[in-house]
2 protein chains.
Amino acid sequence: MSTIRDVAKSAGVSAATVSRVLNNKGYVSEEKKEKIEKVIHDMGYEPNQIARGLAKKTSKTLALIVTDITNPFFPELAKGAEKAAYLNGYSFLLGNTKGMDNHNDDYVKLLKNKYIDGVIIASHDIDIEILKEQENTPMVVLEMDNDIENACTIKVDNYDGAMTATRHLVSIGCRKIAHIYGPQYDSTAKERLEGYKAVIRDTSGLSEILVPGDFTINGGAETVQNLLTQYPDIDGIFAGNDLMAIGVLKKLNQLKIKVPEDIAVCGFDGIFMTQVTNPELTTIEQPIYRMGELAAEKLIFRINHPFYGKESIELKTKLQIRESTRKVNRSDQKKSFSDGD
Amino acid sequence: MSTIRDVAKSAGVSAATVSRVLNNKGYVSEEKKEKIEKVIHDMGYEPNQIARGLAKKTSKTLALIVTDITNPFFPELAKGAEKAAYLNGYSFLLGNTKGMDNHNDDYVKLLKNKYIDGVIIASHDIDIEILKEQENTPMVVLEMDNDIENACTIKVDNYDGAMTATRHLVSIGCRKIAHIYGPQYDSTAKERLEGYKAVIRDTSGLSEILVPGDFTINGGAETVQNLLTQYPDIDGIFAGNDLMAIGVLKKLNQLKIKVPEDIAVCGFDGIFMTQVTNPELTTIEQPIYRMGELAAEKLIFRINHPFYGKESIELKTKLQIRESTRKVNRSDQKKSFSDGD
DNA sequence: CATAAAACTAAAATCGGTTTCACACAGATA
DNA sequence: TATCTGTGTGAAACCGATTTTAGTTTTATG
């Protein structure tokens with residue numbers, strides 16, 4: 001591998017001049033510039049990024065910290081972010097926090113020791129206080145409420161999405177709609193719960209039916225039994241995320257309860273798996289890929305504009321109607337409700 | 001951030017001595033060692049990995065190159081690799097080749113420019129010739145035949161797995177078993193095809209029914225129509241991978257053909273989604289997570305033992321029997337076959 | 001006891017870039 | 001003509017570690 005000094009020697013100039021050409025910065029005569037570029041091309045020289053990093057305190061690398069890349073939400077996010085990173089000349093570091101016990105903050109240390117230029121956080125496992133200390137590390141936080149200064153937050157309008165989901169269930173004739181809400185330390189779960197509550201409150205004849213869930217497939221499946229025992233006449237389930245909705249679907253299937261005929265099911269997230277279930281799952285789609293892409297783009301912007309300040313971006317969700325909420329005659333309800341929406 | 005010279009000054013020694021302590025290498029008196037360690041601890045000093053990298057030509061980073069992290073096979077692989085990397089003090093770079101046009105080799109350039117210590121290749125999009133040129137980059141190649149010197153190859157016994165799958169279909173009474181084979185530039189697809197052929201050949205009363213597929217869900221779905229037109233009496237489908245099997249399942253479902261009653265379906269890979277379909281999908285499970293983990297471990301071993309030479313690891317698959325191949329009375333077959341598996 | 005070997009240490013060189021600084025020279029301005 | 005400004009350049013310092021070199025002090029050996 002040739003170095004900048006090799007190039008300099010071969011072009012009959014100093015390393016400083018080559019560096020100026022490389023970075024397109026400072027005065028260089030057109031004549032020397034051309035000569036140097038030719039030599040660079042001929043030698044196939046490429047600057048060593050580590051040396052450059054040491055000098056500039058930069059690594060042209062950004063990191064994405066997720067809970068668990070095997071959670072189907074994250075690969076799409078990661079892909080969007082990786083692609084945007086790559087297109088802007090950045091490498092893409094991935095970290096999973098799940099199952100790392102208390103070592104998660106090691107990821108944060110990396111930021112300093114390896115001059116990682118910025119980080120996208122999509123995990124609740126990273127201590128928010130430690131995050132706050134990283135004042136001058138550009139940061140983008142996904143799907144989380146936070147009060148971190150100098151960070152960009154990207155999320156969807158979960159409240160609105162949840163209202164849309166609930167209204168949709170109402171619109172296909174459901175009148176006993178349960179919501180399986182996610183862990184309440186997660187602000188998205190909270191917002192979705194609030195959205196559900198709002199619609200129930202504002203629609204006559206409905207009342208809240210709530211069970212807690214843990215955002216996993218098994219968790220979703222487990223709530224079903226409870227739910228049916230307490231409320232045998234429910235006709236719709238709005239799960240706080242797709243994974244739970246998938247669990248619900250599986251369980252209902254095992255119990256020979258027909259979806260959507262007996263109970264309609266709606267999820268939230270728009271993960272790819274919702275197209276694979278039988279019946280296919282209606283869901284509130286988040287622009288996951290776009291969120292990843294946007295996160296990387298915003299992060300890079302912040303890297304180039306330090307101390308840009310706080311920013312919050314809220315994207316729209318989209319109701320994706322599929323088989324699991326197909327409109328069917330709901331004979332029981334017909335008697336007691338006359339509401340035609 | 002404090003530097004090694006800060007530590008040195010504070011401990012009343014030279015930077016060289018601190019470095020010796022840091023790397024546990026060379027002579028250092030017990031007395032000074034303790035003093036230095038105390039200072040390091042008190043100052044919260046951590047060595048700058050970029051500076052270290054420049055000096056040692058190392059980055060304590062390894063890369064995983066996959067086709068597409070949103071392909072459900074890869075997240076589990078990535079997680080296994082990331083975890084093993086992390087536990088050994090390595091950071092984990094991810095690259096997707098799909099949709100990168102001809103820029104894939106840029107990933108390879110990174111290896112040099114950023115002193116990436118080693119790379120795990122799980123993509124056919126990287127030019128094998130370029131890979132071969134990277135003679136002194138430790139490499140682990142997954143799921144691919146290759147003749148790269150000084151690389152470790154990890155794969156499962158696809159031939160055996162395919163035989164197991166085919167035999168399993170035979171054992172539940174299938175007698176017209178089709179195989180949807182994957183793209184033949186992919187050696188795993190080839191081996192699976194061979195395994196299928198071997199069983200067909202060795203079992204009396206069976207004959208080959210083959211259709212090409214592209215390893216995607218849609219691709220799998222599309223072959224079904226063809227298959228049924230040409231061979232309306234098939235009673236079993238062995239798809240070359242799970243994604244195609246899922247597509248097949250969807251299509252059969254749309255056509256109101258019952259699985260497993262009318263046609264049994266078996267996949268290959270063991271991706272998580274196979275547990276979510278309805279019916280759940282029988283598959284040949286690969287130890288995906290373990291493969292990722294092993295890949296990282298082997299890679300790190302190679303980083304520490306340069307020029308270790310070629311190595312091939314073949315792991316076993318496991319038949320995971322699920323609903324899609326439940327044994328049922330196959331009335332048609334009963335007449336024409338008396339074979340009890 | 002002389003001397004070789006081992007233990008220990010610091011100064012300086014190095015890794016491969018960037019950046020500062022000093023300086024030279026041209027043309028513009030007064 | 002003297003001075004200022006803008007252009008162009010290279011030597012040297014720097015980023016923060018490791019490693020080599022050379023030298024000193026101990027310890028072991030014959």
Q: Please state whether the rings of F301(B) and H305(B) are parallel, tilted or perpendicular, taking 30° and 60° as the class boundaries.
A: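 Rings of F301(B) and H305(B): parallel, as their planes differ by under 30°.
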Q) In terms of the nearest nucleotide of DNA chain D, which residue is placed more toward the 5' end: R5(A) or K57(A)? A)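 First, find each residue's nearest nucleotide; the 5'-ward one identifies R5(A).
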Roughly, in whole Å, what's the span from [atom1] in [X] to [atom2] in [N]?
{"X": "I50(B)", "N": "dC15(C)", "atom1": "CD1", "atom2": "C1'", "value": "13 Å"}
{"X": "R52(A)", "N": "dT19(C)", "atom1": "CZ", "atom2": "P", "value": "9 Å"}
{"X": "M1(B)", "N": "dG16(D)", "atom1": "CE", "atom2": "P", "value": "11 Å"}
{"X": "I4(B)", "N": "dA10(C)", "atom1": "CD1", "atom2": "C1'", "value": "13 Å"}
{"X": "D6(A)", "N": "dC15(C)", "atom1": "CG", "atom2": "P", "value": "11 Å"}
{"X": "K25(B)", "N": "dT9(C)", "atom1": "NZ", "atom2": "P", "value": "18 Å"}
{"X": "K112(B)", "N": "dC15(C)", "atom1": "NZ", "atom2": "P", "value": "19 Å"}
{"X": "N113(A)", "N": "dA17(D)", "atom1": "CG", "atom2": "C1'", "value": "12 Å"}

Q.
What's V28(A) touching, base or sugar-phosphate or nothing? Going by heavy atoms closer than 4.0 Å.
A.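 The answer is sugar-phosphate, as V28(A) gets under 4.0 Å only of primed atoms, P, OP1 or OP2.
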Q | Any side-chain donor near an acceptor of the partner, K56(A) and N23(A), under 3.5 Å | A |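 Yes.
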Q. Is a side-chain donor-acceptor pair under 3.5 Å present for K114(A) with T61(A)?
A.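 Looking only at side-chain atoms, K114(A) and T61(A) do not form any donor-acceptor pair under 3.5 Å.
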Side-chain N or O of [X] versus OP1/OP2 of [N]: is the shortest distance under 4.0 Å?
{"X": "S14(B)", "N": "dA10(C)", "value": "yes"}
{"X": "Y27(B)", "N": "dC8(C)", "value": "no"}
{"X": "N23(A)", "N": "dT18(C)", "value": "yes"}
{"X": "S19(B)", "N": "dA17(D)", "value": "no"}

Q: Within residues 29-36 of chain A, find the residues that approach DNA chain D with a heavy atom at under 4.0 Å, and present them sorted by residue number.
A: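 Here the set is S29(A), K32(A).
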Looking at the side chain of [X], which of [options] is the nearest nucleotide?
{"X": "K56(A)", "options": "dA11(C), dG16(D), dT19(C)", "value": "dT19(C)"}
{"X": "L54(A)", "options": "dT9(C), dA11(C), dC15(D)", "value": "dC15(D)"}
{"X": "T17(B)", "options": "dA10(C), dA11(D), dT18(D)", "value": "dA10(C)"}
{"X": "A55(A)", "options": "dA17(D), dT18(C), dA11(D)", "value": "dT18(C)"}
{"X": "T3(A)", "options": "dG16(C), dT18(D), dG10(D)", "value": "dG16(C)"}

**Q.** Passing candidate, side chain to side chain contact (heavy atoms under 4.5 Å, CB included) with I130(A), options I126(A), D127(A), I128(A)
**A.**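 With I130(A) as partner, side chain to side chain contact (heavy atoms under 4.5 Å, CB included) holds for just one option, D127(A).
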**Q.** CA sep, side-chain torsions, deciding dist, call: Q134(A), K112(A), side-chain contact (heavy atoms from CB on, under 4.5 Å)
**A.** CA-CA 9 Å; Q134(A) 318 304 313; K112(A) 284 184 176 160; 3.5 Å; yes
Q | Whether N150(B) side chain and G309(B) backbone form a donor-acceptor pair below 3.5 Å | A |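 Yes, N150(B) side chain to G309(B) backbone: donor-acceptor pair under 3.5 Å.
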Q.
Whether the side chain of K98(A) engages the backbone of T70(A) through a donor-acceptor N/O pair (distance < 3.5 Å, no angle test) should be reported.
A.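 The answer is no, because no donor-acceptor pair under 3.5 Å joins these two groups.
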Q: Applying side-chain contact (heavy atoms from CB on, under 4.5 Å), name anything that partners E133(B), two or more places apart in sequence or on another chain.
A: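 Result, side-chain contact (heavy atoms from CB on, under 4.5 Å) vs E133(B): none returned.
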Q) Considering heavy-atom distances to DNA chain C, does R20(A) or S2(A) have its closest nucleotide positioned more toward the 5' end? A)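 It is S2(A) whose nearest nucleotide is closer to the 5' end.
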